[in-house]
Amino acid sequence: MVALPKNGVIMKIEIKNAKLSDGSSQDVLIENGLIVAALSGAADVSIDGSRYLVTPALIDPHAHLRVPGQEEKETLETGLMAAVAGGYGSVVSMPNTSPAVDEPELVQKLIRDAEALGLARLFPSAALTRGREGKLLSDAAALKAAGAVMLTDDGGTNEDAGVLRRGLEYAHALGLVVSVHAEDASLRGDGVINEGHTSEHLGLPGNPVAAEAARIARDLEICALTGSRLHVQHLSSARGLALVREAKTRGLPVTCEVAPHHLTLTDTLFASERFYCDPVLKVAPPLRSQSDCLALLEGLRDGTVDCIGTDHAPHTTAEKQRDMLEAPFGIANIEITFPLLYTRFVETGKLELSKLLELMTSGATNMLGWTAPTLEIGSVADIAIFDLNTTKTVDSKTFKTKARFDSPWQGEALRGWAVCTIVRGKIAFDSR
Amino acid sequence: MKHLLDFQGWSKGSLENVLETAKVMSDVLDRPVKKVPALQGFTICNVFFENSTRTRLSFELAARRMSADVLTFTSATSSTTKGESLQDTISTLEQMRVDCFIVRHGASGAAHSVNKFTKAKVVNAGDGRRAHPTQALLDAFTLQQRFGSLEGLEIAIVGDVRHSRVARSNAELLPKLGAKVRLCAPATLLPRELEADGVTLTTNLKEAVSGAHAVMALRLQLERMNTGYLPSLEEYRATYQVNSKTMKHARENALIMHPGPMNRDLEIEGDLADHNKSVILEQVRNGVPVRMAVLYHLLVGKS
Ligand SMILES: [Zn+2]
């Protein structure tokens, strides 16, 4: 750790010979929260950037921070601490809390409480419908004015197509994206894992790809009907991806995101010795097949996928130790998403580093309609510094998140760990 | 073996050994003094998170017949809903020096979890829809008693295959012992993925039963109507009930089986259950020696 000045604020930071994702090097100088051409005096902190990758801080368009009401799973402090430990400078939180974030006061309080922590920036999304019940629209204009950046009933599945249609129209006029957890609830049924060979052999209720694909197809029709911005969350299947790809060629205003677990894990693991019927892999939508993983990777490469969303979904260890039918859906992954994808895909030559970073930074800002983050003079100083050379194994016991149940990647040797994350020109995380 | 969770890792030879031991145990049970000291000093704990008096009693009796001490822990709901995890429950019970846990649970994989949590032996007495290996073993034993060997036998299993751990375990075990299994159900209750070496699927009852050496009817949960798997009980009865008309397509001396408990006159014609070809009570009786054999092999067996 660097010695922080008494007030915890570092005014002047220099990153010498910062290695950028395109291979070039430059000095990055930070003062008063901005990237500047020259510091006004000696730097308070100097970082040798030649050993690291220096990039605009990552932006997560999809994380569950569980506040308000589920603080036993995660708090703003643990969630945002985990975020900066993963190289994230900004997080879009999901509103499926208790109560749901469907009122302006809740949005304001979230932002206020997060600001006070000085960790990652928090951009709350708000519920599209009151109580996330999928029936009555929430006060979208007021929510936007309070700071909500997106509307979604995530976790809920917007069964009423008519309500989603009106919600899309209304939000679009306000310049807000609506994002959807695209699964047909009746096709999903009581499914707890992907429907297929593994589910039928284990006798676990299956959730078919068709549940996702059918719902995406429906929502794309509504997108076409209304011309409104639609964002498909945590897309898990080759079939779902193909539908989005086709819609994009038709020019529909649709974007989509993919989560790290859908890129790297498959349902067959449930039959493996290590993960036999293990709820640590239980997630919604469910883990699919190897060919789905490969299709999603192709989607990253060809631009069909706009951004990586972690879908970081913390739960208590006790909850995840329930049986397969009772345990809640979700994986805690925000701290390891970059090293995981870097090691699995960039090091193996499957994905360009610059593409991965685009998917984890400007992909999210484009989706939200914001300008992309840069390291140019005058930009806000949200910066992540990654060590691409040091190998560390995943150990959920050392996570900053409250969710320290066994990670699906427990014990996996990864490179690309964040060593320092700067938010608003201040060091929010430093493990050097 | 450390456990009997399903039949993974069990060779044909070791399974045949268990069935041979079951024969010895069965003979013991025919004697006036139906008790052997084989498991004296061992402690066996039934851990049942799902109500099943029949299976529990069968295991208890099997253990007592071999002079083991028996503990029983039952909980109508899984203890996890009360805040205690399965791991906590097992760790607590293990402190009572349990040598073998017999686990029944509503969720697939629970017995595997228990096995991870304990050094003791573990027998799966039914986990979710996944497996019920001792039921399959007692079915195999019953068939072997009648036919001498399972080699070349054709067995039709008819009913709610999708939700049945008995069907899954039999589809795993019987082909290992040389039999062919035909699973038969309405399409909504017949997962295509269960097709395998020695296991064929059909929605046609006549086709399933034709030439069969034994026909096993599975219990139909009445809730399947409300959840949209079946149009009506009447239609199910008319299309899939195992009855005397069905049995005309089977071999002449074909056996009638049911893992119990039965819905008489639903999945099986009531009179048929009492027919002289019915071995349904024999299955219940064979449960004890088969479970004795399993416990014996796990606790004092050589390998
Ligand atoms: Zn979701």
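Lettering follows sequence order; numbering is per chain, from 1. Computed from a predicted structure; not experimentally measured.
Shown here is A/Lys400, whose NZ atom has no more than 12 heavy atoms of other residues, nucleotides or ligands within 6.0 Å. Surrounding NZ of A/Lys397 are more than 12 heavy atoms belonging to other residues, nucleotides or ligands, all under 6.0 Å away. By the 6.0 Å contact criterion, NZ on B/Lys116 is enclosed, its count of non-hydrogen atoms from other residues, nucleotides or ligands being greater than 12. Shown here is A/Glu298, whose CD atom has more than 12 heavy atoms of other residues, nucleotides or ligands within 6.0 Å. Residue B/Lys180 qualifies as open at atom NZ: its count of foreign heavy atoms under 6.0 Å is 12 or below.
Comparing A/Ser199, A/Gly206, A/Gly189, A/Cys277 by how many heavy-atom pairs each has under 4.5 Å with chain B, the most go to A/Cys277. Ranked by heavy-atom pairs under 4.5 Å with chain B, the first of A/Thr198, A/Leu325, A/Val192 is A/Leu325. Options A/Leu204, A/Leu202, A/Thr317 differ in how many heavy-atom pairs under 4.5 Å they form with chain B, and the most are formed by A/Leu202. Between chain A and the residues B/Ser108, B/Ser164, B/Pro191, the most heavy-atom pairs under 4.5 angstrom are made by B/Ser108.
Put simply, NE2 on A/His201 and CD on B/Glu172 are 9.0 Å apart, with the number rounded to the nearest 0.5 Å. Residue B/Asp88 holds its CG atom at 7.5 Å from CD of A/Gln321, rounded to the nearest 0.5 Å. The distance from atom CD of A/Glu319 to atom OG of B/Ser85, rounded to the nearest 0.5 Å, is 12.5 Å. The distance from atom OH of A/Tyr276 to atom CG of B/Asp6, rounded to the nearest 0.5 Å, is 5.0 Å. Here the CG atom belonging to A/Asp278 is positioned 12.0 Å from the NE2 atom belonging to B/His112, to the nearest 0.5 angstrom.
Residue B/Asp127 does not touch chain A at all, counting heavy-atom pairs closer than 4.5 Å. If you measure heavy-atom distances from A/Glu273 to chain B, the contacts under 4.5 Å come from the backbone alone.
Under the side chain to side chain contact (heavy atoms under 4.5 Å, CB included) rule, A/Glu200 has a single partner from B/Arg129, B/Arg162, B/Glu195, which is B/Arg162.
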